[in-house]
Novice: 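This is the structure I want to talk about, given as structure tokens.
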Amino acid sequence: MPILRKFVDLLPGVAFIAAVILILQQCVEAGVINRALFPPPSVIASTLWELIAGGEVMGPLGATITLFAAGYVLAAIVGILLGLAMGTNQRVNDLLDPLIESIRPLPKAALIPVLMLFLGLGTTMKVTAIVLASFFPIVINTIQGVRGVDPVLVATGRTFGLSRLAITFKIILPASIPYLLAGMRVALGLALLMTILSEMLAGTGGLGFLVLENQRAFHIRQMYAWLVILAVVGVAINAAMVAAERRFVPWLDKYRVN
Amino acid sequence: MIQSAAATIRAGKTSDALLSLEGVSKHYGMRGGETVALASIDLEIRRGEFMTIIGPSGCGKSTLLQIAAGLVLPSAGTVRLDGHIVTGPPPGMVYLFQQYTKSLFPWRNVRANVAFALERKESNRGRRNEAAQSFLAMVGLEDFADHYPWQLSGGMQQRVAIARALAASPTVLLMDEPFSSVDALTRMELQALVLEVWRKRDDLTIVFVTHDVEEAVYLSDRIAVLSRRPSTIERIIDTGLPRPRHPIETRDNPIFLRHRHELLGTLLGRADAHP
Amino acid sequence: MPAVASVTEGKAGGRLRRPALRDIIGGKRLGFWFIVALLLLWELSARSGLVVSANWPPVSLTAVAVVHGLAGGDLLAALSGTLYRVAAGYVVGSASAVILGLLLSTSALARRTLEPTIELLRPLPIPALIPPLVLFLGLDDPMKITVVAFTVFFPVFVNTLQGAMSIESTFRAVAATFGTPWFATMRGVLLPATVPYIFAGLRVSIGLAFVSAVAAEMVAGASGVGYYITSMQYAGRGADMFAAMFLLGLSGYAVNAGFVAIERRLLFWYHSAK
């Protein structure tokens with residue numbers, strides 16, 4: 001019964017997407033949309049199938065996902081540790097807060113050219129760009145979370161004889177998770193954006209590079225096919241984040257922060 | 001009454017002071033608007049006894065208990081546990097918070113919340129969980145080990161908090177109005193549970209804070225009455241009620257009724273209530 | 001009873017005032033001096049020849065470039081172009097998001113029909129959108145404004161819908177009780193009640209609007225600060241590149257501060273009711 005219900009709920013949405021694809025197909029075939037700029041969806045689908053069947057997809061796909069994951073995980077580690085330090089120690093906060101607040105308003109995309117000058121076009125530059133962009137929301141939300149931890153929780157740790165360090169990692173860190181995850185959700189989008197943008201600007205490979213390169217070479221079918229793959233990657237990464245939250249933070253539903 | 005009835009029942013217990021507060025005072029605020037919460041408190045709690053601190057709301061009972069726990073430093077005076085001066089939360093003394101919903105960890109299930117108290121002593125996770133399970137059985141929650149605290153009722157959450165406190169095997173348990181936000185029947189169940197736990201462990205000393213006169217008389221060996229701010233100890237009553245206490249009969253006992261009458265009179269500030 | 005508040009208080013000490021060093025570098029001033037020290041290090045490393053590179057000009061030269069840039073010429077034109085596109089895309093994107101969000105909140109069927117599509121498009125990384133849009137809209141303003149609008153749309157839409165849904169039943173009750181016409185209720189009840197949520201989405205979108213505008217300018221070129229920064233990078237004019245970044249950051253800061261000020265004035269009732 002629940003499956004049937006779910007199906008009925010999904011039906012209008014799926015029907016809408018199918019209708020859009022069909023209408024596009026008709027429009028292209030009728031010449032309403034310029035075939036040179038937008039090939040029929042069926043042609044994009046077959047190009048996509050060629051890419052997958054030919055095994056061309058795996059390399060760039062793996063490169064992009066690895067790059068994204070490296071940058072995002074690094075940003076999370078640095079952001080959470082710094083957020084904990086700044087949230088629990090006033091001196092550290094006094095030292096770093098003005099610097100962070102003065103860099104924060106800079107649109108991080110603008111950092112890529114500078115990083116290219118100093119770090120070249122390789123992985124180091126790209127990972128640095130991703131970390132610099134996605135680290136800010138994580139730090140700021142972690143600090144907010146740490147400051148919002150209920151004093152009773154900290155006092156509970158003290159009455160059970162925990163050291164300051166143990167209180168930080170066993171109590172303050174888990175208690176800040178709802179805020180920390182809110183920051184990580186924002187950072188997820190930024191990290192993906194910087195992954196693709198740095199691939200485009202560096203021009204040395206990856207899904208972002210392929211989309212731009214195929215456009216410039218006027219391989220329009222291929223461009224759309226790679227774009228579809230990129231869209232799937234975006235959806236999959238978001239779904240993975242949701243699944244990871246459910247799996248590892250089952251208590252979040254009660255304490256969610258947006 | 002020369003000797004406390006409870007002391008005779010809890011045979012083998014010495015009546016020396018385990019926890020003592022000497023000239024403890026607490027001031028809030030600096031420069032100008034200073035409030036004196038606690039004037040100068042001298043109090044001795046004996047090994048193994050059940051001592052209750054009662055007073056009108058806002059008299060600083062909780063602050064006094066937090067000072068005793070080493071969670072808050074007094075403005076003046078000293079706290080000694082077994083002769084050693086308390087400057088921070090000492091091992092062997094556990095504070096049970098009034099806000100149990102806030103003191104349980106929402107990210108740990110019930111078993112892991114209890115096991116938390118064992119983490120410094122027992123490094124083996126399996127043994128820790130086993131021990132946690134037995135403490136849960138002690139409070140009647142062995143079937144709820146896999147639940148999360150926020151899935152339980154208020155009374156059950158407080159049971160988890162009690163199990164966790166017991167798991168730390170404290171010599172002194174400090175309880176801050178632990179039953180003030182549960183319904184009347186649950187409160188009676190929890191009172192019975194605490195008395196049961198205390199009876200089973202001969203060396204356990206409990207300091208209990210409440211503003212409920214009946215609760216104080218029903219549970220305690222001795223009751224310290226705090227005055228209004230700035231608070232001092234107004235008097236100390238030796239209840240002399242026989243143990244084990246019975247949830248219905250003890251409350252009909254003439255000694256119980258007399259103490260209740262007297263204490264209410266003191267707290268309401270009515271001289272005519274004194275016999 | 002200050003029962004628990006007292007648990008968090010620190011040690012009683014610190015009452016004696018110790019002036020001198022502590023007052024000069026204590027508190028937030030510490031961070032200020034830290035920034036000054038970093039800038040000095042930058043200046044010295046460039047001047048002393050520790051780092052010899054056209055890409056690493058002394059801070060002082062960058063400051064000169066900022067002043068020159070503000071006086072007019074390419075940089076100012078590029079910056080104002082970017083700001084125009086950010087503003088245009090922001091208005092288009094957020095307006096359509098608010099309208100669609102409010103409309104969808106009133107119909108479960110419409111939500112079920114459109115939400116899957118929106119959820120599929122939302123995670124799409126913005127830069128990926130630029131190449132196909134270039135095909136249809138060219139390299140200039142229409143393409144870049146569309147990119148910004150697309151970026152801004154999602155956070156505003158999601159927040160609007162969420163906010164409107166949370167008060168939707170009240171909205172219906174009011175409309176039913178007073179017999180107020182549909183459109184009047186929408187404008188008079190649903191919209192104002194949703195405003196705090198809309199603003200939450202709008203605030204997140206400011207930063208994203210800037211990022212996407214700069215990204216579009218860097219990928220597609222032709223104009224704007226993003227393009228200016230990349231071309232200064234290629235030209236080896238480090239001072240001009242850093243000056244552009246500085247002014248871009250400053251604009252981002254100013255827009256954000258302006259937004260917060262407006263939000264405070266408009267939403268004082270919301271914040272004081274909380």
Side-chain angles (χ1 to χ4, degrees), chain A residues 9-17 20 37-38 91 94-99 102-114 116-118 133 150-152 154-155 158 186 189-190 192-193 195-197 200-201 207-208 211-212 214-216 220 223-224 227 230-231 234-235 237-238 258, chain C residues 4-5 7-8 26-32 34-35 38 53 55 109 112-117 119-128 130-132 134-136 162 200 204 207-208 210-215 218-219 225-226 229-230 232-233 238 241-242 244-245 248-253 256:
Chain A
D9 278 352
L10 278 175
L11 197 60
V14 175
F16 181 77
I17 294 170
V20 168
L37 301 183
F38 190 87
R91 297 291 279 174
D94 285 344
L95 180 70
L96 295 179
D97 181 67
L99 184 67
S102 52
I103 301 177
R104 188 152 79 112
L106 179 73
K108 301 305 172 303
L111 287 173
I112 294 178
V114 187
M116 280 161 65
L117 285 176
F118 291 96
D150 199 297
V152 171
V154 176
R158 292 182 60 205
V186 176
L190 282 174
L192 198 55
L193 187 154
T195 304
I196 303 308
L197 185 62
M200 285 180 168
L201 294 178
L207 296 178
V211 171
L212 186 63
N214 280 304
Q215 184 248 75
R216 288 189 174 153
I220 303 305
M223 181 199 80
Y224 281 106
L227 198 60
L230 200 46
V235 171
I237 286 176
N238 268 277
N258 274 312
Chain C
V4 173
V7 169
T8 52
K28 287 279 175 216
R29 283 182 221 93
L30 184 67
F32 169 75
F34 183 56
I35 294 176
L38 288 179
S53 163
N55 310 323
L109 182 64
R112 279 213 292 274
T113 308
L114 292 179
E115 263 182 350
T117 310
E119 287 307 312
L120 281 180
L121 291 176
R122 192 155 73 106
L124 191 71
I126 295 305
I130 300 168
V134 166
L135 293 177
F136 287 95
Q162 199 192 344
V204 178
L208 288 174
F210 269 96
V211 171
S212 56
V214 171
M218 289 197 300
V219 174
V225 161
I229 291 174
T230 38
M232 290 305 112
Q233 175 220 332
M241 179 182 74
F242 284 114
M245 287 173 65
L248 182 61
L250 201 65
S251 320
Y253 179 81
N256 235 315

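Each chain gets a letter, A, B and so on, in the order the sequences are listed, and its residues count up from 1. All values reported here derive from a predicted model rather than from experimental measurement.
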Novice: Do F242(C) and V114(A) have side chains that get closer than 4.5 Å, going by heavy atoms?
Specialist: yes
Novice: Would you call L124(C) and L192(A) a side-chain contact if the rule is heavy atoms closer than 4.5 Å?
Specialist: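 With C-beta onward as the side chain, the pair stays apart.
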Novice: Most heavy-atom pairs under 4.5 angstrom with chain C, which of L117(A), V235(A), L106(A)?
Specialist: L117(A)
Novice: Using non-hydrogen atoms only, which part of L208(C) is less than 4.5 Å away from chain A: side chain, backbone, both, or neither?
Specialist: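 The side chain, not the backbone.
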Novice: Contact part of F32(C) toward chain A, heavy-atom cut-off under 4.5 Å: side chain, backbone, both or neither?
Specialist: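 For F32(C), backbone heavy atoms alone lie under 4.5 Å from chain A.
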Novice: Report which part of M241(C) has an atom under 4.5 Å of a heavy atom belonging to chain A: side chain, backbone, both, or neither.
Specialist: side chain
Novice: Using a 4.5 Å cut-off on heavy atoms from C-beta on, say whether the side chain of V20(A) contacts that of T117(C).
Specialist: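 Not touching, per the 4.5 Å side-chain cut-off.
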Novice: Restricting to non-hydrogen atoms, name the atom on M200(A) and the atom on P127(C) that form the minimum distance, rounded to 0.1 Å.
Specialist: CE-O, 3.1 Å
Novice: Using a 4.5 Å cut-off on heavy atoms from C-beta on, say whether the side chain of P107(A) contacts that of L248(C).
Specialist: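 Yes, at least one pair of side-chain atoms sits under 4.5 Å.
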Novice: I need the minimum non-hydrogen distance between P105(A) and Y253(C), along with the two atoms involved.
Specialist: CB-N, 3.5 Å
Novice: Pick one of side chain, backbone, both or neither for L207(A), based on which atoms fall under 4.5 Å of a heavy atom in chain C.
Specialist: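 Contact with chain C is absent: no heavy atom of L207(A) under 4.5 Å.
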Novice: Would you say the side chain of L111(A) lies within less than 4.5 Å of the side chain of M245(C), judging by non-hydrogen atoms?
Specialist: yes
Novice: Of the listed residues (L121(C), L250(C), V204(C), V214(C)), which shares the most heavy-atom pairs with chain A below a 4.5 Å separation?
Specialist: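 It is V214(C).
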Novice: Which atom pair, heavy atoms only, marks the closest approach of G31(C) to P98(A)?
Specialist: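 Nearest pair, atom of G31(C) first, then P98(A): CA-CG, 3.5 Å.
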Novice: Please assess R122(C) against N238(A) for the test side chain to side chain contact (heavy atoms under 4.5 Å, CB included), listing each intermediate value before the final yes or no.
Specialist: CA-CA 10 Å; R122(C) 192 155 73 106; N238(A) 268 277; 5.9 Å; no
Novice: Could you tell me which non-hydrogen atom of A215(C) sits nearest to which non-hydrogen atom of A109(A), and how far apart they are?
Specialist: N-CB, 4.4 Å
Novice: Kindly list each side-chain donor-acceptor pair under 3.5 angstrom involving residues 9-17 of chain A, sequence neighbours excluded, with atom names and distances?
Specialist:
none

Novice: Heavy atoms only, distances under 4.5 angstrom: which of L135(C), I126(C), V225(C) has the most pairs with chain A? Name it, please.
Specialist: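 Counting heavy-atom pairs under 4.5 Å, the top option is L135(C).
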Novice: Return the option, out of L109(C), N256(C), V219(C), T230(C), with the maximum number of heavy-atom pairs under 4.5 Å with chain A.
Specialist: V219(C)
Novice: Select, from L212(A), I220(A), I237(A), the one with the greatest count of heavy-atom pairs under 4.5 Å involving chain C.
Specialist: L212(A)
Novice: When only pairs under 4.5 Å are counted, which of I112(A), V186(A), L99(A), N214(A) shares the most heavy-atom pairs with chain C?
Specialist: L99(A)
Novice: Side chain, backbone, both or neither: which part of R104(A) has an atom under 4.5 Å from a heavy atom of chain C?
Specialist: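 Interface part for R104(A): neither.
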Novice: Shortest non-hydrogen contact from V211(A) to A128(C)?
Specialist: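 The pair with the smallest heavy-atom distance is CG1-O, 4.1 Å.
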Novice: Give the minimum heavy-atom separation between I229(C) and A110(A), together with the two atoms involved.
Specialist: CD1-CB, 3.8 Å
Novice: With a 4.5 angstrom heavy-atom cut-off, which part of T195(A) approaches chain C: side chain, backbone, both or neither?
Specialist: neither
Novice: Most heavy-atom pairs under 4.5 angstrom with chain C, which of L37(A), I196(A), D97(A)?
Specialist: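 Going by pairs under 4.5 Å, I would pick L37(A).
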Novice: Give, as side chain, backbone, both or neither, the part of L38(C) having an atom under 4.5 angstrom from any heavy atom of chain A.
Specialist: side chain
Novice: Mind ranking P116(C), G226(C), P131(C), A200(C) by heavy-atom pairs under 4.5 Å with chain A and telling me who comes out on top?
Specialist: P131(C)
